[in-house]
Every structure is written in structure tokens, then in C-alpha cells.
Amino acid sequence: MNSAPKSKLVALAAAMVALTLAAAGLVLVLADVATTSTEPQNGAQQAAPPAKGASESKKGPMIGRALATANPLYRTGRLADVNCAPGDLPAGSMTAYRRFLTRVTNCLNKAWGAQFRKARLPFTKPRLRIITAKVRTPCGMWNTGADGVYCSTDRTMYLMISRDQLRNPFPLGITRLIAHEYGHHVQQVSGIWNYYWTARNVAGKAKRLQLSRNSELQAECFSSAFMSTMKGTELVTDADWAYTVDWFRKNGAKGWPQNDHGKGPTQAAWMTRGFNRGTPGACNTWSAAARNTL
């Protein structure tokens, strides 16, 4: 990040606050200033079910950037297989949905908890809140186009279950969705987002979009690494996974008016990379060439 006089940083910070308040309802998730009580929330989509039938100083910013580009998690090897088996997800039962999502969250806690121990990093579990309509979180308005969001202020994953999803559940799709939001929690507690927010507070629009793509694509890759631990099970069959990746290749960018999540083929590429390698280290979007995160 380019260094700047203190007065300029203050002005930039104030501008970012105003811009955030003015655009709270937009899909682009803007970064709040580090001193405010609310922080950006990142959203994700759930795949529809298959049809039936500048230079940096050696102190400060460089430390944050290193947390994103050389995080200890990247050296922990394959994500732990915790024998996750959340059970069935019958149509029409919110009770079953809550039970299913709670079990998947418990699996994610075990898997990522083990990775953090290997990295010798402190770990805390996120909260889970299941909703049936858009809500205002401590981070602000619900993101347009999102089926789930993660708010770093209260470290909570918000999962929205619509009537259509309740009538026609897609177990792999909802598992991928919650694993994506959990990926943002991993970024938060590992320190990766320390760089993300600091960089966005002084970035122009194009750079903010790039940083957002780095964050979203990494969360998607983290999600896919978790999904790979269940490869070949009833939940993650080869056919359903292939369908899901193809759905995101074709539709993954449609819910986001600005390119803040990556184009569909880019999303599919990071999904495939995470699934095939199964390691957090495969998901280092922060060191990737810009052309691979468009």
C-alpha cells in the first residue's frame, strides 16, 4: 500500500464512511473505517438445485499483507477429514434444515479448528443464525443477491432459507454456502482480513473490487477444500459436484452487478482448485496473478 500523510489518511477514512452509508444497499460490500463499530459483511449465493427430471514500509502495512499472502494456514496441508455426515435434508421441514446446518457447522468447527492448531494460531468458533427473510445485521443492510452473509462485528454467519429452498432443498448447495461463509470467518480469525480492510480503506474503486474478489474467491476455495473431505459420499457425489461447479461457471456472477466476486469461470476455477487440492495453501488468492482473480 502507498504511504500517505496523516491528514490524507484521515480524509480518506471520512470519505469511506460517507460512501459506505450512502451505498449500504448495494451489492458491492464497502469497507468501513477500522475505528467504526460496523464492518463489511460478505455474501454468497447458493446454487439452485438440479432440475428434476505502490511500495510499502517494512513496518505496519507489510505485516498485514504478509498475513494475507503468507499466512501460517497455508502450510497446514490438507483440510482435516472429520467424517462429516449431517444426515438427510427432507423437503418442507425448517426443523430439519436447522438440524442439518447445525451439524455442518459443527463439522466445519472441527475441521478448521484442527487446521488452526496445526498452524499454531488461536481459534474461535463463529455463531450461526438461520433466517427466513432479509435482516439488518450489525454490519449493515443485507447484501442484494446474497443467500448468506458473514458479519465480522458479531462473528456470525447468517443463512437465509427461502420458501423455494425449503420446498426443494439441495443439500450439497446449502453445505457449500455455509462453508463459504465459514471461509470468511477463517479469514477474520486468521488475520487475513487485517490486510484486506487496511488496504481497502485507502484504495480506489478498481483496487477495492480486486480486493473484494481476492476475499470472495478465497472463501469459495476454502469452502471447496472442505467439500473435498466429503468427496464420494452421499452428500458430495461426483455428479452433484460437477453440476454445482458448472452452475457457478454459468451463473456465479449474475447476482453481483459489479465484478466484486469474480466472473463465473473464475469462481469455478477456484472451486475446482480447492476441491482437487483440499488445502488452504491452494487458496492463496492474494498472491495470485490479477488475471486469475478477475
Side-chain angles (χ1 to χ4, degrees), residues 1-3 27-31 40 42-45 54-58 60-79 115 119 176 179-180 183-184 186-188 190-228 241-242 244-294:
M1 295 164 49
N2 291 329
S3 58
V27 170
L28 174 59
V29 183
L30 299 175
N42 290 52
Q45 297 169 295
S55 64
E56 298 171 328
S57 64
K58 293 183 178 180
M62 271 299 292
I63 296 174
R65 187 174 187 276
L67 281 173
T69 61
N71 195 277
L73 280 177
Y74 302 156
R75 302 188 296 273
T76 56
R78 293 190 66 85
L79 204 67
Q115 282 326 100
R176 183 220 61 84
H180 175 105
H184 288 311
V186 170
Q187 292 171 323
Q188 168 70 16
S190 67
I192 292 172
W193 264 6
N194 288 350
Y195 168 67
Y196 174 48
W197 289 323
T198 301
R200 290 192 67 153
N201 283 340
V202 295
K205 180 179 180 180
K207 182 62 175 178
R208 290 198 305 270
L209 287 172
Q210 177 65 69
L211 291 165
S212 178
R213 291 194 297 271
N214 288 347
S215 176
E216 294 296 340
L217 293 168
Q218 181 173 59
E220 197 61 59
C221 185
F222 282 165
S223 172
S224 298
F226 172 73
M227 300 301 291
S228 73
W241 180 251
T244 301
V245 174
D246 190 56
W247 189 93
F248 276 90
R249 181 179 292 107
K250 297 173 180 176
N251 303 287
K254 291 182 179 179
W256 316 107
Q258 301 188 63
N259 187 18
D260 56 352
H261 279 61
K263 297 177 181 178
T266 306
Q267 294 180 36
W270 283 98
M271 291 174 73
T272 299
R273 181 182 176 92
F275 191 79
N276 289 346
R277 301 192 184 185
T279 67
C283 304
N284 186 358
T285 56
W286 308 95
S287 294
R291 65 178 181 274
N292 293 328
T293 55
L294 292 177

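In this chain, residues are counted from 1 in sequence order. Keep in mind that the numbers below use all heavy atoms, side chains included, and drop hydrogens, waters and symmetry copies.
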Gln187/Ser215 under side-chain contact (heavy atoms from CB on, under 4.5 Å): CA gap, chis, key distance, verdict = CA-CA 8 Å; Gln187 292 171 323; Ser215 176; 3.3 Å; yes

key: Worked verdict on His261 versus Gln267 for side-chain contact (heavy atoms from CB on, under 4.5 Å)   = CA-CA 8 Å; His261 279 61; Gln267 294 180 36; 4.0 Å; yes

task = Evaluate the criterion side-chain contact (heavy atoms from CB on, under 4.5 Å) for residue pair Leu67 and Tyr195; output intermediate values, then yes/no.
result = CA-CA 7 Å; Leu67 281 173; Tyr195 168 67; 5.5 Å; no

ask   = For Ser228 and Arg78, what are the C-alpha separation, side-chain angles and deciding distance, and is it a side-chain contact (heavy atoms from CB on, under 4.5 Å)?
value = CA-CA 10 Å; Ser228 73; Arg78 293 190 66 85; 3.8 Å; yes

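Inter-residue side-chain proximity for Asp260 and Glu216 is flagged as unmet; no heavy-atom pair is nearer than 4.5 Å. Taking 4.5 Å as the limit, some side-chain heavy atom of Leu79 sits within range of a side-chain heavy atom of Phe226. Looking at heavy atoms from C-beta onward, Arg213 lies out of side-chain contact with Thr266 at the 4.5 angstrom threshold. No side-chain heavy atom of His180 sits under 4.5 Å from any side-chain heavy atom of Ser224. Residues Trp286 and Asn71 form no side-chain contact, since every pair of their non-hydrogen atoms from C-beta on lies 4.5 Å or further apart.
Judged purely by atom type and a 3.5 angstrom limit, Tyr74 uses its side chain to pair as donor or acceptor with the backbone of Ala68. For the pair Ser223 (side chain) and Ala219 (backbone), a donor-acceptor distance under 3.5 Å is absent. Looking only at distances, no side-chain donor or acceptor of Trp247 sits under 3.5 Å from a matching main-chain atom of Ala242.
Contact record, Gln115 with Gly77: NE2-O, 3.4 Å, taken as the closest heavy-atom pair. For the pair Gly262 and Ala253, the tightest heavy-atom approach, listed with the atom from each and the gap, is O-CB, 3.8 Å.
A donor atom on one side chain and an acceptor atom on the other are not found under 3.5 Å apart for Asn214 and Gln218.
One distance of note links CG of Asn284 with CG of Leu73; it measures 11.0 Å at 0.5 Å rounding. Distance CZ/Phe222 to OG/Ser190: 6.5 Å, rounded to 0.5 Å. Going from atom CD of Gln258 over to atom CZ of Arg208 covers 9.0 Å, rounded to the nearest 0.5 Å. Distance check: Lys263 NZ to Arg249 CZ gives 15.0 Å after rounding to the nearest 0.5 Å. With rounding to the nearest 0.5 angstrom, the CD atom of Glu220 is 12.0 Å from the OG1 atom of Thr285. Here the CE atom belonging to Met271 is positioned 11.0 Å from the CG atom belonging to Leu217, to the nearest 0.5 angstrom.
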Which donor-acceptor pairs under 3.5 Å do side chains of residues 272-283 form with protein atoms, sequence neighbours excluded?
from	atom 1	to	atom 2	distance (Å)
Thr272	OG1	Ala268	O	2.9
Arg273	NE	Ala282	O	2.5
Asn276	ND2	Thr272	O	3.4
Thr279	OG1	Ala282	N	3.2

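The aromatic rings of Trp193 and Trp197 are tilted relative to each other, their planes meeting at an angle between 30° and 60°.
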